[in-house]
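A short worksheet on the structure shown next.
Throughout, protein chains are lettered first and strands after them, A, B, ... in sequence-line order, and every chain is numbered starting at 1.
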Amino acid sequence: ETGVTQSPTHLIKTRGQQVTLRCSSQSGHNTVSWYQQALGQGPQFIFQYYREEENGRGNFPPRFSGLQFPNYSSELNVNALELDDSALYLCASSLSAGAMDTQYFGPGTRLTVL
Amino acid sequence: TQLLEQSPQFLSIQEGENLTVYCNSSSVFSSLQWYRQEPGEGPVLLVTVVTGGEVKKLKRLTFQFGDARKDSSLHITAAQPGDTGLYLCAGVPYGNKLVFGAGTILRVKS
């Protein structure tokens, strides 16, 4: 059974650029959640996708957008990058979107904005 | 303001010592979870507590959910260097998505 994978591992961008991060969910999981983890902080919920539809969004501006594909993999897009967007971006997949469904995290993508 | 406050922020202890990490909130949670995260990795779920007053044990780790479902603690007995990592509590406020505390960095020295 393949776990949650994310790509790329590391990424360096400059202010104003756009970035796309990718996540492959664990086999059999139809829900993907994205989190931003700044240095020294816990992960903060960005949004969740369930069966290709957005199913909840945290306190992040519209320049953070996402997509989920028919195979339940997912993308996180960030436009007009700002310095404060530098963080570890984590995705987590779960069997379904229920609050009690265990989320399995990928290793994250480390984004640095210069 | 963090919905979940963890304390202490950082803990450095000797191998064999005991420790307790706290997770507190003014909000009620339907469940609380504890994760451990190592550098370069995503968080890994250790336990989920659901019932107020519940106590769960995982080898040398003991987890407790407060009676009012607003707080939780993680106690480690006879800590080992392999316990080193970032410990995160996370909760599901009723009707919302998972929220995390800022974490406790634990370093166990041999």
Neighbour count above 12 (heavy atom, 6.0 Å) for [X] [atom1]:
X      : atom1 : answer
B/Q14  : CD    : yes
A/L83  : CG    : yes
B/K109 : NZ    : yes
A/R15  : CZ    : no

Review point. Closest heavy-atom contact between A/L90 and B/G42?
Key: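 Taking A/L90 first and B/G42 second, the nearest heavy atoms are CD2-CA, 3.9 Å.
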Exercise for review: Might you point out which heavy atoms bring B/L88 and A/G42 nearest each other, and give the distance in Å?
Suggested key: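 Closest pair (atom of B/L88, atom of A/G42, distance): CD2-CA, 3.8 Å.
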Point to revise | With B/P43, the side chain to side chain contact (heavy atoms under 4.5 Å, CB included) member among A/F105, A/Y35, A/Y104 | key: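 Single side chain to side chain contact (heavy atoms under 4.5 Å, CB included) partner of B/P43 among A/F105, A/Y35, A/Y104: A/F105.
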Exercise for review: For a side chain to side chain contact (heavy atoms under 4.5 Å, CB included) with B/K97, tell me which candidate from A/Q103, A/Q48, A/R57 qualifies.
Suggested key: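 The side chain to side chain contact (heavy atoms under 4.5 Å, CB included) with B/K97 is passed solely by A/Q48 among A/Q103, A/Q48, A/R57.
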Exercise for review: Identify whether B/L45 and A/V4 are in the same connected component of the hydrophobic contact network (ILVMFWY, side-chain heavy atoms under 4.5 Å).
Suggested key: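 No; A/V4 is not reachable from B/L45 via cluster members.
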Check your understanding: Among the clusters formed by ILVMFWY side chains lying less than 4.5 Å apart, do A/L76 and A/L11 turn up in the same one?
Key ->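 Result: yes, single cluster for both.
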Quick check on [X] against chain A: is it the side chain, the backbone, both or neither that has a heavy atom closer than 4.5 Å?
X      : value
B/V50  : side chain
B/Q6   : neither
B/L98  : both
B/I105 : neither

